[in-house]
Amino acid sequence: MIDVRLLRADLEATKAALARKKVSPDEVERAAHLDARRRQLTAQADQLRARVKALSRQVGEARRAGEDATAEALSEESKRAGAELATLEQEAGAVEAQLRDALLRLPNLPAEEAPDGGSEEDNVVVRTVGYDPGRYGPHQRVPHWDIGAQLRILDLERGAKIAGSMFPLFRAQGATLARALCQLALDRNADAYTEVRPPTLVRSSVLEATGQLPKFADDAYHIERDDLWAIPTAEVPLTSMRAGEILAEEELPLRLMAYSPCYRREAGAAGRDTRGLLRVHEFDKVEILALCTRAQATSVHQEILGRAEAVIAELGLAYRVVEICAGDLGQSHARSFDIEVYSPGCDMWLEVSSVSWFSDYQARRASLRYRPTEGGAVRFCDTLNGSALAVPRVWAALVETYRQPDGSVALPECLGPYMRGNPSIRSGS
RNA sequence: GGAGGGAUGGCAGAGCGGCCGAAUGCGAGGCUCUUGAAAAGCCUUGGGAGCGCAAGCUCCCCGUGGGUUCAAAUCCCACUCCCUCCGCCA
C-alpha cells in the first residue's frame, strides 16, 4: 500500500499521480478524511488511556498505604474513564479498519518515468528483436494447437476431460519440453538467484501482501475448507518469504527464483484468447525476484529484464519489449516492461513476462524492511520481479517457429541437454 | 487424527495482577586504557502511532484476536505456529 503520509503531506500531488492510473480523486479524498479522523480519535484515546493508567497506579499506591477510601474513590473514577475510553477505542478501531481497507484498495503510484496513457493502446514498444515478418514460411503459419494435435504432444481434449477447458495436458515430448523450459530458465539464473521451491497454497494474508487481495479475489482459486489460496505466480510466496523481518542492508539486493505451477481463474477474461495455450488456468513458470533498496531498484529492474530477455533470445524467438503506460499498469506496479514473443502460427504478440518494479508498495503490505548500514531508521525494501520463463506461450511460439516443412519440430540446440539429447519432435515419437 | 508441552528484545533466558518495554547473560556498536591487539572497565543497543520547528512529551506492541479487572507479559477463552509421543501415510 502507499504511505499514508503522502495523503497528508501532498494530497493534490497524490491525487494527480493516482489519476494517471484512473483512480478517482474522491477515493483518495476519502482515505485522507479517514486518516484525519483516525488521528483525531487515537490522540483522544491516548490521552484518556494515560489518565486511566495514572489513576490505576494511584489506586495501587493508596491500597498499599492502607487508604482504602481513597483507593475506592480513585478506582471509581478510573472505571468511569475506562468506560469512556472503551467507546472511543471502538470508534477509533472502526475508522482504522475502514482506513486500512481504503488504503489496501488504492493502487501504487506510477513511476514518473512510466509513459502516460489510458490503455494497452498507449504502451510503448521499446525494442523489437529478431522479428522479420517475411522470414516465416507457410509451414510456420500453423497454430500450435494444430501442431500439438498432429504430433500428439498437446492434448487439450483430455485436459478438459480431467479438469475442464483451459487446463492443458502435455504429452510425450511436449511434456518434456514444458519441463525442459523450466530447467533451462532455472539454470540460466542460478549464477545470481537462490532457488526456492515454495508452497503453492498460501494464506489470505500472503495474497494480500502482493496485492491480489482484497480487490482481486475472483481471479484466484480458493480452497475453502482450509482457507488456502492457490498461487497465481511464485511472486506471491517469494515476496512473503521474508515478510515481517528486518533485513540487514548488506543482504540486499536479495535475489530469489522459483519454479512453480501457477493458477488463475481468468474470471474477467471469459471468451478472450481461449484457443490453445494462449490463456490457461494452470501453467508452469519460473519467476525471478529481488528485494533491494530504493537506490538499487532501477539497475535491478534492468537486470531482471535483461535476464528474462536473454532466455527468450537464446531460444531464438522473435520478441519485443513494451513499456506499460500508467493507465495500463497493474494495481501494485510502479513501472513495468512486458516481453512479448511473436507467435507466427497465430500472428500475435504473446506476453510471456511482465518485469515490474513495485517500489515499496508490496513491502509495506508485507512489512519487508531493512536496517541501513550507516544507521538511522529502518526502511521499507523495494520489490521487483519478472517471469524468467512462463511455459505455455513460450511453448506455443517455439513449436510454431521451429516447425519444419515436413511437419516435425526442430527445437534449438540449447534445449538438447534438457530433452534427453533429442531436440526434434516428429509424429509417432 | 489423538495426547501432552511451549511461544518474552539480534540470540539465550528470568518475570508475586500494580514499582515491567521488561532482570541477567551473550552478541553488536561507541569510549577509556594500550605502540597495536587481547583483557578489563564505562556507556549504548527493539519496533510502531500521534503531537511538536526542535528539545521533548504521550500512547501501543511480551505469537494473534477477544475477555476479566480500577490495573494484564502475568488470569480466562479462541486461533496460529513450533516441539514431543501415538496413529496414518509418500
Side-chain angles (χ1 to χ4, degrees), chain A residues 1-9 11 31-104 197-209 213 223-229 237 240-252 254 360 363-381:
Chain A
M1 67 190 106
I2 63 169
D3 189 346
V4 230
R5 272 168 278 224
L6 288 172
L7 300 177
R8 319 212 271 254
L11 181 59
H33 281 130
L34 284 168
D35 173 53
R37 180 88 185 114
R38 195 210 86 209
R39 276 183 295 158
Q40 189 192 357
L41 286 169
T42 46
Q44 282 174 27
D46 280 4
Q47 259 183 323
L48 245 179
R49 196 177 302 104
R51 186 169 148 70
V52 171
K53 283 187 137 187
L55 284 167
S56 294
R57 205 174 311 122
Q58 288 169 35
V59 172
E61 279 160 14
R63 278 269 149 74
R64 252 167 284 126
E67 297 160 7
D68 284 357
T70 318
E72 209 45 51
L74 287 166
S75 174
E76 278 308 313
E77 200 181 337
S78 175
K79 197 171 190 168
R80 275 196 301 276
E84 205 180 321
L85 176 62
T87 40
L88 250 180
E89 275 181 330
Q90 201 171 7
E91 202 182 336
V95 172
E96 173 103 51
Q98 285 174 48
L99 173 63
R100 184 178 157 72
D101 188 67
L103 244 27
L104 280 176
R197 174 47 248 237
T200 55
L201 296 180
V202 302
R203 301 172 189 286
S204 301
S205 62
V206 171
L207 226 43
E208 193 175 283
L213 291 180
I223 295 168
E224 256 179 64
R225 193 217 274 241
D226 299 291
D227 193 19
L228 289 169
W229 301 77
S240 284
M241 209 175 127
R242 306 294 296 266
E245 298 185 30
I246 299 175
L247 314 189
E249 185 175 346
E250 295 76 63
E251 278 189 81
L252 306 177
L254 181 73
D360 59 4
R364 219 171 265 285
R365 291 171 162 238
S367 188
L368 276 168
R369 294 173 295 172
Y370 71 94
R371 204 177 294 284
T373 312
E374 77 278 17
V378 175
R379 297 198 200 120
F380 284 104
C381 299

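All values derive from a computational prediction rather than experimental measurement. Quick note on labels: first sequence line is chain A, next is B, and so on, each numbered from 1.
- Taking atom C1' on both nucleotides, C20(B) is separated from A37(B) by 40 Å, rounded to a whole Å.
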Under a cut-off of 3.5 Å for both distances of each Watson-Crick or G-U pair, what dot-bracket string does RNA chain B give, using [ ] for crossing pairs and | for inter-strand pairs?
((((((((.[[[..)..(.....]]]((((((.......))))))((((((....)))))).[[[[[..)....]]]]])))))))....
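- The closest donor-acceptor contact from the side chain of R365(A) to the backbone of L104(A) lies under 3.5 Å.
- Using a 4.5 Å cut-off on side-chain heavy atoms (C-beta onward), E61(A) and E67(A) make no contact.
- Salt bridge status for E251(A) with R371(A): absent, with no side-chain N to carboxylate O gap under 4.0 Å.
- Looking at which nucleotide of RNA chain B each of V378(A) and L74(A) is closest to, the 5′-most match is held by V378(A).
- For G10(B) and C62(B), the C1' atoms lie 16 Å apart once the distance is rounded to whole Å.
- For the pair K79(A) and D46(A), both in contact range of RNA chain B, the more 5′-proximal nearest nucleotide belongs to D46(A).
- Annotation: side chain of I2(A) is not in contact with side chain of R5(A) (no heavy-atom distance under 4.5 Å).
- U64(B) and C11(B) are spaced 15 Å apart, taking the P atom of each and rounding to whole Å.
- Taking the charged nitrogens against the carboxylate oxygens, E96(A) and R37(A) have no contact shorter than 4.0 Å, which rules out a salt bridge.
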Worked verdict on R8(A) versus D35(A) for salt bridge (Lys or Arg N to Asp or Glu O under 4.0 Å):
CA-CA 8 Å; R8(A) 319 212 271 254; D35(A) 173 53; 3.0 Å; yes
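- Sorted by residue number, the members of residues 51-68 of chain A with any non-hydrogen atom under 4.0 Å from RNA chain B read K53(A), S56(A), V59(A), G60(A), R63(A).
- Under a 4.0 Å N-O distance rule, the pair E249(A)/R369(A) does not qualify as a salt bridge.
- Minimum interatomic distance between S240(A) and V206(A) (heavy atoms only, all atoms of both residues): OG-CG1, 3.7 Å.
- One C1' atom belongs to U69(B), the other to A14(B), and the distance between them is 26 Å to the nearest Å.
- Atom name C1', nucleotides G21(B) and U35(B): the rounded distance is 44 Å, in whole Å.
- Comparing the P positions of C76(B) and G18(B) gives a spacing of 15 Å, expressed to the nearest Å.
- Ion pairing of E208(A) with R203(A) is absent here, as no side-chain N (NZ or NE/NH1/NH2) approaches a carboxylate O to less than 4.0 Å.
- Taking a heavy-atom distance under 4.0 Å as the criterion, the stretch of RNA chain B touched by chain A extends 5' to 3' from G18(B) to C81(B).
- Residues E245(A) and R242(A) are paired through a salt bridge, judged by an N-O separation under 4.0 Å between the basic side chain and the carboxylate.
- At a threshold of 4.5 Å between non-hydrogen side-chain atoms, the residues L201(A) and W229(A) do not count as touching.
- As rounded to the nearest Å, U80(B) and A40(B) have C1' atoms that lie 47 Å from one another.
- Comparing A39(B) with G30(B), their P atoms are spaced 15 Å from each other, to the whole Å.
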